[in-house]
Amino acid sequence: MCGIVGFLRKSGADHQPLGEVLLAMLQSLACRGPDSAGVALYGIPQPHRLVAQVKLGDNGNHSQRARDIETIALKFGAQDLSQKGSYLRFTFGENGDLRPLISAIESVSGNVEVVSVGRRLEILKQVGSPSRLEQSFGISGFRGEHGIGHTRLSTESAVDLSHSQPFWGHGYPDLAIVHNGHITNYHQLRRRYQERGVRFYTENDSEIVAIYLAEKLTQGLRLRAALESMVDELDGSFSCLVATETALGFVKDAFSFKPLLYTETASFVAVATEEIAMRGAFPGDYIVREAQAKEVQVWQRSTQPGAVLAKSTLRSES
Amino acid sequence: MLNPAARHNLAVAILHGVHIRIAGSAGYYCGGLGDGASIEIEGSAGWGLAESMLSGTVVVHGNAGSGAAAALRNGSVIVHGDAAARLGVSMKGGEVIVAGNCGYMAGFMAQKGTLIVCGDAGDAFADSMYATVCYVGGKIASLGTDAVLSALDPAEIERLEASLSAHLPPAVRRSKPAAADFKKVIAGRKLWNFDKREWRTWQEAL
C-alpha cells in the first residue's frame, strides 16, 4: 500500500497555501498507510541562504541535544534557529560543500540526521497518520508553490522518523522523493553504493531512489533523463514522485504494478495514488488519468522566486 | 449518485436491472460482480472497473484505471477515454470497448469474449490468451507471448462496425478508424498444451 501525493501550482505565486493542499490530499489516503506520514514542502527562499531541518531523535526530550547542535550550526553561520518537536530548523549561507556541516551535526549522536537542506525544501515527517502532521507541525500554514507527500504502510523496515518518507537526496539540495512499491534489486544496488562510500541512513528500500537520483543529477542528467534511467536500472514496483527546487515529476515502473494518477489543469498539476485524493482537495471539473507503464512526466516551474509564470513556461516535457 | 469524489466500491454486486448514473468519478471496483445493472460514470473510474461482472453494462465517459473488466463474465464495458494497464485480463466473456488507448498487458490470459481498443495498445498486448478476440484501431507497442495478427473477414468487419456504432457516441465513433482498418489479434495456440481429449470439457467450461 502506501499513498503518495504531489502538487504544483501554476500561478507562480509562492505566497499561496501549500501545506493545507498536501494535507488534504494525504488525509484522503490515510487508509493506505497509518504508520507514518510526511511532506516535502517547497517554500519561499531567502537570497543565498539554505534552510536545514535536523532530526534530533526519535523519542524523548531533545533540548540538550538541540543546544549542542545549535552550537555547531552557529559556527557555520546559522540563523533563524527554531525547534519544533523532534526537529531543529535553521538557515545558513550558501557556500558550496554541505558535507562539513552535515558531518559535524550528525557526529553529535547516531540518532541525529539532517533530514533536508535546500533553498526551498523543508521535509517534515513523523510516525502516525497524516493528521498528526498538522498537530505536530501546523503544516497547513506553510505557503509555497509545489510539494510532495507520503503516508506509509510499513512492509519491510522499521517504523520511525528516519524510515518515514519523503527522503531527501542527501547532499543534493532541494531533491526529495516519495515512493510506493518495492525496489527488488535494492540490496544489490545498496552494496554497490556502499562500496563507493555512500552512507545509508535507513534500511528502507525507498531510500535508494533518493540516492540514485541524487547521483544522476549530480552527474549532470536532467530530471527527466534521470527518471527514465530509473525504469531500466531499478527493478520491482515503483510509482515515484520527485521534486526539486524547480520541478515536479514522476516515474512508473515497467509493469505498472502500482497506481498513480495525475491531472493537469490551467491552474495546477496534481498527482496521487488514488483519485480520491484529488477530488477531496480540488473540487471542479477536470480529467484524471492513470499513468501508464514506464511513463515519466516532469513539470518545470520558474527559478525566479515569486515570479508569475506565463503558461508556456510551465510545461510537461513528455 | 452525485459527486461521490472517487470513493471505492460503488455499485458493487447489484443484481437487478436498474440504471445507476454516477455524476463524478468512481474509485476502485465500481460495478464489480454486477448481474444486469446498467451503470454510467460521467467521470473516471479507478482500479478493477466492472471486475467479474456477470451481465449488464458499464459506461465510463472518462478514463479507467488498471484492471478494467478483469475476469469479466458477460455484458459490456465501454470506456470513452483511455484504459490503464491490464485491461480485460482473464476475461471470460462479454465485450470491452475502449475508445482511447490501453496500457500494459491488456488481455493477458483472456479466455473468451471481445476486446476492442480504438486507439493504441501498450506492450505485451494479448499475452498468453485463450479464445478472446481482440481488435486494435491504432498501433500495438508489442504483442505478448503467443499473440498473433489475423485477417478480418467481411462479416467480422460488419460486426465490429455495428458494435462500435452501437456503443460509442457518433462524434467519438467518427474520430476513430474504420472497422476495416482495425488489426485483429488472437492466440497463436502455441501455449495451448492441454490434452485434446479435454477439448470439449474446456469449451464447455468457457
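Letters A, B, ... mirror the listed sequences (proteins, then strands); counts begin at 1.
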Flag yes if more than 12 heavy atoms outside [X] fall under 6.0 Å of its [atom1] atom; otherwise flag no.
X      : atom1 : value
B/H19  : NE2   : yes
A/I287 : CD1   : no
A/Q16  : CD    : yes

With heavy-atom distances below 4.5 Å as the criterion, would you say the side chains of [X] and [Y] are in contact?
X      : Y      : answer
B/S44  : A/R289 : no
A/E274 : B/W47  : no
A/V288 : B/N63  : no

* Please determine, among A/E290, A/K294, A/R279, the option with the most heavy-atom pairs under 4.5 Å with chain B. => A/E290
* **Contact origin within A/A254 toward chain B - heavy atom pairs under 4.5 Å** => backbone
* Spacing of NE2 belonging to B/H8 relative to SG belonging to A/C31, to within rounding of 0.5 Å ->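 Those atoms lie 6.0 Å apart.
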* **Spacing of A/D285 atom CG and B/E42 atom CD [to the nearest 0.5 Å]** =>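 Answer rounded to 0.5 Å: 10.0 Å.
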Looking only at heavy atoms, what is the nearest atom pair of [X] and [Y], with distance?
X      : Y      : value
A/F255 : B/Y104 : CD2-OH, 2.9 Å
A/Q292 : B/C102 : NE2-C, 4.2 Å
A/I276 : B/A5   : CG1-O, 3.4 Å

* Asked: Who wins among B/S66, B/A85, B/G65 for the most heavy-atom pairs under 4.5 Å with chain A?
  ->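 Going by pairs under 4.5 Å, I would pick B/S66.
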* **Side chain, backbone, both or neither of B/A83 within contact of chain A (heavy atoms, under 4.5 Å)** => backbone
* Asked: Considering only heavy atoms, which portion of B/D123 lies under 4.5 Å from any heavy atom of chain A: side chain, backbone, both, or neither?
  ->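 The answer is the side chain of B/D123.
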